[in-house]
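The structure appears right after this line, and notes come after that.
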Amino acid sequence: MTSPHTLADRRYDFWADAAADAVEERIGSEERDPDAPIVIKGGISPSGVPHFGNMNEVMRGHFVAEVLRERGHEVRHVFTTDDRDPLRKLPRKLADLDGNVVGLGEVDASALGTNLGKAYTDVPDPFGCCNSYGDHFSQIIRQSADLLGVDIEIVSNTDLYEDGTFEPVVRHALDDRAAARDLLAEYQDKVDESYVPFNPICANCGKITETVTDVADDAVDYRCTDIEAGGQTIEGCGHEGTATLREGKLPWRFEWPAQWRTLGVDFEPFGKDHAEGSWPSGEHIARDLLGDDPPVPMVYEWFTLNGDAFSSSEGNVVMVSEVLDLLEPEVVRYFFAKNPKRARDFDIERLDQLVDEFDRFERLYVGEIDGEEQERKRAERIYPFLVADPDADRVRIPYTFAAVLGMTDDSGLRETMARRSGHIPADADAEQVEAALARVEQARNWAVRTDNAYNYRLAESLPDVEFDDATTNALADLADFVEAASPDEETLQGEIYEIAREHEVDVGDFFAAGYRLFLDESEGPRLGPFLAALDTTFVLDRLRLEG
RNA sequence: GGGCCGAUAGCUCAGCCAGGCAGAGCGACUGGCUCUUAACCAGUCGGUCGAGGGUUCAAAUCCCUCUCGGCCCGCCA
């Protein structure tokens, strides 16, 4: 037995190197054609909205593929959408191709409900934009991978059945069904004498059935009986018919090894749910039933979202497209480059922490800061897999400050504020500035979404304010000072204190007045640098309560 | 009940394979910048490495037992 847990050890600074070693060892074995490209696979059922956690299935394999390519191998990254699986229950939430999540009530749910038990590719697309339910969600999987900069070859499981690719394996399993049955019985109690490792599709109602009554060379007879699944019963129509070996599916425990064989899979990552169930039986089936060498396995731990399990039914999901509204792709990739053996929480409230961690990682890589040897080595090894064209001159504005810059939509003002705060160096060219400010969009979205302390908005017009005479006079004095002295940020910051004292206005209250005037908030960023960055005329009018 | 994986500072995580001073960042706190507020600088605090035992000159690291959490051991995938 091959343990799927032992690959991601710490022999390397990057776990993908350890996995790549195991793959290289495998392809060196004698039964494998050394010239054939290495095949890395992942796969999920297009059962509903593919969420951020599902991307483990894409990203973990991706890094291993990239490491192997770096070592000079030709690598195919194949991804099966297990779209011949039957629709078992209706998800509570769906999503259109533009990433908008909608409730089940917003589509024709009854049209879905009547299709329970059919393969995803035989269920109509509730949005009407793709050929089937399965195609719809496979398309979103493809888009999600694209957004993360990962190139995968998506293979439809249904196609593999219909075009005959699977047919020899299906025949093999049926011919050796006694052996298949004995083998699976070691893992599943319910496998009995009547078990046949093939589920035909009913020609009458289209459901995937479980009752095979006879097996011939190129076809099976079946009766469409009730199917129990997930505590509910999907009624069979009672039809008796004959199905070819292309008109049905292998049970998952057999289907997985069938994919390995037909696609020539060398490496496959999978979630921990498979580690103690599907993997041992799949490995056994591959070796002893099919006579194949199973791929190198790797288990990854699951992510949680804001502390709770990802759950489509509970609605605790976030899609890749949503995440990329909040984070740059390289930061997302960084998250997936961490040790897969560790369960991780994807905490939206604290994305700033993740971004800060990435920024530090980047600075370690470009040598801008010095860290401990270990973290420096990790950065040197892993960073190139996160960013296509590492740029030592890349300017990163801290994420939280970028969120603050989102208070205005004026890009010129954003640049001025960033420059004056020292986050953009004086000699930065236009291209660097644009790249540095790109993050503002995501950071602003984050601040708005979480409505946190960085969610400021520049008050476009004079807020409804009422100040006492001393404060009003002090503000007017401040305006005069700004007009006369064109002060830099620090001078202005100092003068705010000075003027508050002169007018015997409490310093805290005076600052609060400033924040009220410009942000309509009681607190805000450091006022001197903030006002210094704003358009002078605008500042003068506002301080004089004129607009 | 049996099996697998995980647990290191308030938070996010390195370190474990192959034993050698308990680490980083962030946060917090203190101080600095004429200055209670984003930023910046300096410093401080912060640990029963989940618990207990064993091996060892030496254990976060190796071994055993236990606790807690997740997953698997029905079906399905």
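In the text below, chain A, chain B and the rest are named by the order of the sequence lines, each starting its count at 1.
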Task: Nearest to side-chain heavy atoms of Lys272(A), which nucleotide of rU12(B), rC71(B), rA14(B) - done: rC71(B)

- [ ] Answer yes or no: side-chain N or O of Gln353(A) and base N or O of rC11(B) forming a donor-acceptor pair under 3.5 Å.
- [x] yes

TODO: For the pair Trp252(A) and Trp256(A), name the ring-plane relationship: parallel under 30°, tilted 30 to 60°, perpendicular over 60°.
DONE: parallel

Open item on the list: What contact category does Arg342(A) fall into here, base, sugar-phosphate, or nothing, at under 4.0 angstrom with non-hydrogen atoms?
Closed with: base

- [ ] Measure the distance from CZ on Arg419(A) to C1' on rA38(B) and round it to the nearest whole Å.
- [x] 19 Å

Open item on the list: Using modelled atom types and a 3.5 Å cut-off, is there a donor and acceptor pairing between side-chain atoms of Arg181(A) and backbone atoms of Glu193(A)?
Closed with: yes

Task: Closest to side chain of Glu276(A), choosing from rA77(B), rA38(B), rC4(B) - done: rC4(B)

Open item on the list: Could you check whether Glu255(A) and Tyr161(A), counting side-chain N and O atoms only, form a donor-acceptor pair closer than 3.5 Å?
Closed with: yes

TODO: Look at all strands and tell whether Glu255(A) reaches a base, only sugar-phosphate, or nothing, counting heavy atoms closer than 4.0 Å.
DONE: nothing

Open item on the list: Which label fits Phe52(A) and Phe336(A): parallel for a plane angle under 30°, tilted from 30 to 60°, or perpendicular past 60°?
Closed with: tilted

TODO: Measure distances between side-chain N and O atoms of Gln493(A) and base N and O atoms of rC35(B), and say whether any donor-acceptor pair falls under 3.5 Å.
DONE: yes

Open item on the list: Under 4.0 Å, counting only non-hydrogen atoms across every strand here, what does Thr304(A) touch: a base, just sugar-phosphate, or nothing?
Closed with: nothing

